[in-house]
Peer 1: 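Below is the structure I would like to discuss, written out as structure tokens.
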Amino acid sequence: MIVQILYLEQLQFSKVSYYTVQVEGRPLSEFRDFQTRMQHNEKDKKQVAEINRFIENIGKKHGAQDRFFKREGFAERLPPATYRFLDSDGETDFGLRLYCVRISEEVVILLNGDRKTAQSIKDCLNCKPHFDFANKISDAIYEAKTKDRIEIDGFDILMDDDFVLNI
Amino acid sequence: MKKKVLKAEAIPEFEESISSMSDDSKIFVDKSLEIADFIYWIMEQKGMKQKDLADKMGKSEAEISKFLAGMHNYTLRSIAKIESALGATVICTPRTVRVSFPEESVHSSEYHIVEKRQEGHVPVIHYDTKVISIYSKEQNHPEPIAI
């Protein structure tokens, strides 16, 4: 699977630059796909708006500090640990999850997600593929960094012209 | 020679969804992050770790991390316990601002001074969205109450 890193032009803030990825052959990037899919019902719209406001706030005021994210294997997710959306019961509906890779306090790659419907990620058919994908992206970025194919310079991801992630 | 990521994508849904939020939801997200960040900042100023605060509050470190993560729905009771354990005010209302932070103790780049003015004997300093009053030496509280 060939994956290209994109930067999100409206999500370049004074404290954080947000990026996403697009899988070759898919019409939308992962983050755009998440945003469009979560516009189909009121509950999703409300919860994704809260996550978006959180992303915006971190970007403008606070920086992508580790404590704002929940670790998920080698990746991260939002909202932070233990946050329960008011309209999710916490038994069969744990609310929306947006998986991401926090590279530094200034650089975050926002990926995809869905509504979590089981306590354990392995039992949630909605979120498991996004969780796995985020972990593969995290692995691939780590490997690319160690092989000096990409580097992080402040708010920028620097890479060779022909660079793509292969996961 | 490595280059910046050039390919960009617009996400119109991002701004639209934030615009569609109710005011109270926006305030909730903003304030929860502000409070979390302020608690964290006080801890840093006092050299406290999560474990220290957990011990003082009789809670687990996991519970303290909830307070520091943002999007936490603090109760007034939990804020009172946090303030008591920190020995510092976390929330104050505009008419009862009595918290004293020595000006020289506020060094974090997170809190920019945007305005200074004198209200009677009390110099008031606005830091970003926060309002912190410093007692003047002519008053009876020359020592800082908090921090």
Side-chain angles (χ1 to χ4, degrees), chain A residues 4-12 15 17-20 22 28-29 31-32 34-36 38-39 45-58 61-63 65-70 78-86 110 148-151 153 155-161 163, chain B residues 1-41 43-44 49-50 53 60-74 108-112 127-130:
Chain A
Q4 198 171 19
I5 300 174
L6 313 178
Y7 81 88
L8 294 166
E9 54 191 6
Q10 298 140 295
L11 280 80
Q12 303 299 310
K15 298 274 175 129
S17 274
Y18 291 102
Y19 295 78
T20 189
Q22 184 162 8
L28 300 177
S29 72
F31 188 57
R32 181 86 198 273
F34 175 69
Q35 294 290 329
T36 54
M38 295 306 130
Q39 299 302 320
K45 277 167 84 167
K46 201 170 157 188
Q47 294 189 3
V48 78
E50 282 192 28
I51 291 174
N52 287 346
R53 183 74 171 189
F54 192 75
I55 289 168
E56 183 186 56
N57 255 294
I58 290 173
K61 297 180 189 168
H62 305 284
Q65 297 179 50
D66 183 46
R67 63 197 163 90
F68 298 140
F69 296 80
K70 165 83 165 61
L78 292 173
T82 71
Y83 178 66
R84 208 175 106 182
F85 292 99
L86 284 178
L110 299 171
D148 199 30
R149 297 293 315 276
I150 65 172
E151 60 184 79
D153 180 19
F155 293 84
D156 296 320
I157 299 177
L158 304 178
M159 54 194 199
D160 298 331
D161 268 347
F163 179 76
Chain B
M1 176 78 177
K2 293 185 177 63
K3 292 179 180 169
K4 290 181 186 181
V5 173
L6 292 177
K7 195 169 175 191
E9 187 175 50
I11 313 278
E13 297 84 1
F14 185 84
E15 287 290 337
E16 286 164 16
S17 77
I18 292 173
S19 301
S20 72
M21 286 175 86
S22 62
D23 283 347
D24 67 290
S25 292
K26 284 180 189 169
I27 291 168
F28 170 77
V29 175
D30 298 356
K31 282 236 189 300
S32 70
L33 260 167
E34 274 178 35
I35 292 168
D37 207 45
F38 196 55
I39 294 169
Y40 187 76
W41 179 77
M43 287 170 65
E44 277 190 328
K49 302 285 178 207
Q50 281 192 34
L53 186 58
S60 66
E61 276 193 70
E63 284 179 278
I64 301 304
S65 71
K66 285 195 292 189
F67 297 144
L68 302 175
M71 289 178 92
H72 181 68
N73 195 8
Y74 304 92
S108 169
S109 58
E110 302 294 316
Y111 301 92
H112 303 292
Y127 294 90
D128 277 347
T129 55
K130 298 162 188 70

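Just so we're on the same page: letters track the sequence lines, and every chain starts at 1.
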Peer 1: Is it the backbone or the side chain of B:Met21 that comes under 4.5 Å from a heavy atom of chain A, or both, or neither?
Peer 2: side chain
Peer 1: Does B:Asp30 reach the side chain of A:Arg53, with side-chain heavy atoms less than 4.5 Å apart?
Peer 2: yes
Peer 1: Are the side chains of B:Leu68 and B:Met43 in contact, using a 4.5 Å heavy-atom criterion?
Peer 2: yes
Peer 1: Non-hydrogen atoms of chain B under 4.5 Å away: do they reach the side chain of A:Tyr19, the backbone, both or neither?
Peer 2: side chain
Peer 1: Kindly indicate whether the side chain of A:Phe34, heavy atoms from C-beta on, has any atom under 4.5 Å from the side chain of A:Val48.
Peer 2: yes
Peer 1: Where on B:Glu16 is there a heavy atom nearer than 4.5 Å to chain A: the side chain, the backbone, both, or neither?
Peer 2: neither
Peer 1: Should the pair B:Phe14 and A:Phe31 be assigned to parallel (<30°), tilted (30 to 60°) or perpendicular (>60°) ring geometry?
Peer 2: tilted
Peer 1: Select one option (side chain, backbone, both, neither) describing which atoms of A:Asp156 are under 4.5 Å from chain B's heavy atoms.
Peer 2: side chain
Peer 1: Does any donor atom in the side chain of A:Gln65 or B:Tyr40 lie under 3.5 Å from an acceptor atom in the other side chain?
Peer 2: no
Peer 1: Non-hydrogen atoms of chain B under 4.5 Å away: do they reach the side chain of A:Leu11, the backbone, both or neither?
Peer 2: side chain
Peer 1: Of the backbone (N, CA, C, O) and the side chain (C-beta and beyond), which part of A:Gln4 lies under 4.5 Å from a heavy atom of chain B, both, or neither?
Peer 2: side chain
Peer 1: Can you tell me which of B:Met1, B:Lys66, B:Lys3 forms the most heavy-atom pairs within a distance under 4.5 Å of chain A?
Peer 2: B:Lys3
Peer 1: Among side-chain atoms of A:Asn52 and A:Gln35, is any donor-acceptor pair under 3.5 angstrom?
Peer 2: yes
Peer 1: Need one label for A:Gln39: side chain, backbone, both or neither, based on atoms under 4.5 Å from any heavy atom in chain B.
Peer 2: side chain
